[in-house]
Every structure is written in structure tokens, then in C-alpha cells.
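Written below as C-alpha cells is the structure these notes are about.
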Amino acid sequence: MEQKAITFTIDGVEIKGSPGQTIMQAADEAGVYIPRLCYLKDLTPHGSCRICTVMVNGRSQAACTQPITEGMVVENNTDALDEHRRNIVDMLFVEGNHYCMFCEKSGNCELQAMAYRLGICAPKYPYLFPQSNVDASHPDILIDRNRCILCGRCVIASRDVDGKNVFEFVGRGPEKRIAVNAEAKLSDTDIDVTDKAAQVCPVGAIIKKRVGFAVPIGERLYDKEPIGSDIESKKNK
Ligand code: FES
């Protein structure tokens, strides 16, 4: 038996979704972009970055994990929520060492693109300049922990898609960092450059070697259109 569609609103616009969908999934299908950094289609949502926070019937919820219900009233595109998102992005920038002008992910980086979309032009908080390290031991992949935003995509992709559990979080608070399931180095793990975990990093923390500048800066994904444009373009089809 066909399941009845669920009708709800986002910013006053009626959206129809299917039972079991999250707000994010239904919004994506309807061409409504909700900002996100840790969520990636095809990976289990885990609600860690909170960029996707929306108001649901007046209460804040993570759109990537909150299921839709009949008649729910969702606010997404508001000044208050964008300010909340800007604060998170601002903190992510100063908690790491992000030198966009020298980073080979520039133009394809979701953090950088999110900052542009949200109108961030200058740092709001003092830089923390954490001591982080680079693991370039693997022949095909490297980890630059200076750029890691602890989104957890690599952890989930390696666990659920690759079945390898190469990555995990260790430490707490400011000491939290991404680690590998080996004595010391990435080269001691069984990660392969074709693994999903090597493809999903939103920033330049896990990158493939020797392809960083295959597409010149200025011609990359977010050099050409703001992040979220692919979803918003569905609305007009
Ligand atoms: Fe929902 Fe990160 S995208 S918490």
C-alpha cells in the first residue's frame, strides 16, 4: 500500500515528504537548501556540526536527523539561524589552522564555501593556532589535521561503507582529533584511495595526493556557484 505523503512547511512554503524522511531529505528533494557541513547524502546522519539547525514548531532541531511530521512548521532562512550558523563557522575557522589561500582544497572546500554563502569576510574570534600535525605517510592519501573540522564523515564512511574502521575520534574538548586505527600512521592502515572515506572530507583534511591542482583555482565547484546551488536549482525544474 502506498504511504501517505507528509505535508509540512519550511519558511511558509508547503513541502511534501515521505514517511521516515528527515527534514533535510525532504527539503533537498523540494529544492530548499538547508546549510550543512557534517551531513552527506548516503552516509548515516549523525547531527554533529549543528549548521543545519532549524526551528521546528518554535524549538531548535538538527534538520539532518529530525524526522518530518504532518503539519510541522519549520523555519530555516531567518536572520537568527544564519547568525547561529555564522558563529559556528567562525569558531571552526579559528579552532583550526585554515589558510585558504594556500590550501589545495580552495574552491572545493565546503567550509570556505559556507563562509562565503553566510557572508563571513573576516574572523570574529581570536585565532587559537592549535598544534596539529600532518600524516603524509600513505603513498596516495594524506591527513592534514590543521584543517580537520571534526565532522565525522570519514569515520562513518570508513565504518559503514568501506567496512574498515580506519578513522576514529580520540581526546575530548580542544584535544579532540581524528586518529587512525594503526600504531601510528595512515600508511599502517588498510585504507585505499578508492575508499569512500577518502572522498568525503568537506575540507582539505583528507586529500588525495598528486591531484590537488588538476583543476585550477578559479574553475572549481564553488568558484562558479555558491554552495547549495545544486539543491536550489531543483526548485525551478
Ligand atoms: Fe546536521 Fe551537521 S548537517 S548537524
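In each ligand, atom 1 is the first atom listed, and ligand 1 is the first ligand listed.
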Exercise. Okay, side chain of T78, backbone of L81: is any donor-acceptor separation there less than 3.5 Å?
Worked result: yes
Problem set entry | Sidechain N-carboxylate O distance under 4.0 Å for R117, E232 | yes
Exercise. Does the side chain of V180 come within less than 4.5 Å of F167's, by heavy atoms?
Worked result: yes
Problem set entry | Of all pairs that satisfy salt bridge (charged side-chain N to carboxylate O under 4.0 Å, His left out), the ones with a partner from residues 156-184, not counting sequence neighbours | K164-D195
For this session: Could you name the protein residues that come within less than 4.0 Å of ligand 1, counting only heavy atoms, and order them by chain and residue number?
Result: R36, L37, C38, Y39, G47, S48, C49, R50, C52, C64
For this session: Considering non-hydrogen atoms only, spot the tightest contact between A198 and V193 and give its length.
Result: CB-O, 3.7 Å
For this session: Report yes if the side chains of T65 and T22 come closer than 4.5 Å at any heavy-atom pair, otherwise no.
Result: no
